[in-house]
Visitor: 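Provided herewith is a single structure, encoded as structure tokens, for subsequent inquiry.
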Amino acid sequence: MKIPPDFDVSVYELVAQIPRGRAVSYKQLAVLMGFPDHARRVGRALAAAPQGLPCHRVVSSAGRTVSGWTAQRELLESEGVAFRPDGSADLRRCGWEALR
DNA sequence: CGAGTGACTGCCA
DNA sequence: TTGGCAGCCACTC
């Protein structure tokens with residue numbers, strides 16, 4: 001499956017829909033948008049994401065915050081996202097579309 | 001044009 | 001449970 005030119009845009013729109021107090025993994029985003037094998041591509045898209053996008057709500061599948069961005073955890077916590085003692089986001093409780 | 005790198009994942013020891 | 005390793009894709013050197 002090829003990557004459409006509006007792939008990045010789809011990522012942005014999806015991220016913009018993440019409700020406050022929720023977190024999503026790159027893999028989750030890739031799956032929701034129909035590209036389960038392009039989590040890495042999603043990460044690259046977010047690296048170039050425009051300001052104003054709540055990209056801090058996106059973490060790795062293990063719940064790890066973005067490399068080199070320690071403040072991301074603070075932001076999520078201030079929104080009500082639960083974190084584990086090891087410093088990973090609790091996607092089981094605060095995962096978007098994966099909450100149940 | 002080949003090699004290296006990264007906001008990733010999943011499998012195996 | 002934790003750490004190492006191999007696929008993957010796009011971009012830069």
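Proteins come first, then strands; the chains are lettered A, B, ... in the order of their sequence lines, and each starts at number 1. Below, each value reflects all heavy atoms present in this structure, side chains not excepted, and no hydrogens, waters or symmetry copies.
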Visitor: What is the minimum heavy-atom distance between A:G21 and A:C94, and which atoms define it?
Guide: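 The pair with the smallest heavy-atom distance is O-CB, 3.8 Å.
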
Visitor: Taking all non-hydrogen atoms of both residues, which atom of A:V81 and which atom of A:A89 are closest, and how far apart?
Guide: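 Minimum heavy-atom separation between A:V81 and A:A89: CG1-CB, 4.5 Å.
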
Visitor: Any idea which of C:dC9, B:dG10, B:dA7 is nearest the A:H38 side chain?
Guide: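 Comparing C:dC9, B:dG10, B:dA7 against the side chain of A:H38, the answer is C:dC9.
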
Visitor: I need the CG-P distance between A:L29 and B:dC8, as an integer number of Å.
Guide: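 My rounded result for the distance is 13 Å.
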
Visitor: Which whole-number value in Å describes the distance from A:Y26 OH to B:dG10 P?
Guide: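 Those two atoms, OH and P, are 14 Å apart.
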
Visitor: Report yes or no: does A:E74 contribute a side-chain atom to a donor-acceptor pair with the main-chain N or O of A:T70 at less than 3.5 Å?
Guide: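 Such a contact is absent between A:E74 side chain and A:T70 backbone.
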
Visitor: Closest heavy-atom contact between A:A45 and A:Y12?
Guide: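 Heavy atoms of A:A45 and A:Y12 come nearest at O-OH, 3.1 Å.
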
Visitor: From the options B:dT9, C:dA10, B:dG6, select the nucleotide whose nearest atom is closest to the side chain of A:R41.
Guide: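 Within the option list, the nearest is C:dA10.
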
Visitor: Show every donor-acceptor pair shorter than 3.5 Å between a side-chain atom in residues 51-68 of chain A and any protein atom, with sequence neighbours excluded, or say none if there are none.
Guide:
from: A:H56; atom 1: NE2; to: A:E79; atom 2: OE2; distance (Å): 3.1
from: A:R57; atom 1: NE; to: A:E79; atom 2: OE1; distance (Å): 3.0
from: A:R57; atom 1: NH1; to: A:I18; atom 2: O; distance (Å): 2.8
from: A:R57; atom 1: NH2; to: A:E79; atom 2: OE2; distance (Å): 3.0
from: A:S60; atom 1: OG; to: A:R64; atom 2: N; distance (Å): 3.1
from: A:S60; atom 1: OG; to: A:R64; atom 2: O; distance (Å): 3.3

Visitor: Pull out every residue in residues 43-74 of chain A that has a heavy atom closer than 4.0 Å to any atom of DNA chain C, ordered by number, or say none.
Guide: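 Residues of residues 43-74 of chain A under 4.0 Å from DNA chain C: A:R44.
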
Visitor: For DNA chain C, which ranges pair as stems of 3 or more consecutive Watson-Crick or G-U pairs, with both donor-acceptor distances under 3.5 Å?
Guide: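 Only these stems qualify: B:2-6 with C:9-13, B:8-13 with C:2-7.
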
Visitor: How many whole angstroms separate atom CG of A:D8 from atom C1' of C:dC11?
Guide: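 Spelled out: CG on A:D8 to C1' on C:dC11 is 12 Å.
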
Visitor: What heavy-atom pair brings A:F7 and A:R41 nearest, and what distance separates the two atoms?
Guide: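 Shortest heavy-atom contact: CE2-CG, 3.5 Å.
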
Visitor: Using every non-hydrogen atom in the two residues, find where A:G87 and A:R73 come nearest and quote the distance to one decimal.
Guide: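 For A:G87 and A:R73, the tightest heavy-atom pair comes out as CA-NH1, 3.5 Å.
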
Visitor: Would you mind reading off the distance between A:M33 atom CE and B:dC8 atom C1', rounded to a whole angstrom?
Guide: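 From A:M33 CE to B:dC8 C1': 14 Å.
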
Visitor: Hey, are the side chains of A:F83 and A:L76 touching, using non-hydrogen atoms and a 4.5 Å cut-off?
Guide: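 Yes - at least one pair of side-chain heavy atoms lies under 4.5 Å apart.
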
Visitor: Rounded to whole angstroms, how far apart are CZ on A:F7 and P on B:dC8?
Guide: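 So the two atoms are 14 Å apart, to the nearest Å.
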
Visitor: Is there a side-chain contact between A:V42 and A:F35, using heavy atoms and a 4.5 Å cut-off?
Guide: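 Counting from C-beta outward, A:V42 and A:F35 never come under 4.5 Å.
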
Visitor: Please state how far atom CD in A:Q28 lies from atom P in B:dT9, giving the value in whole angstrom units.
Guide: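 Computing the A:Q28:CD to B:dT9:P distance gives 10 Å.
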
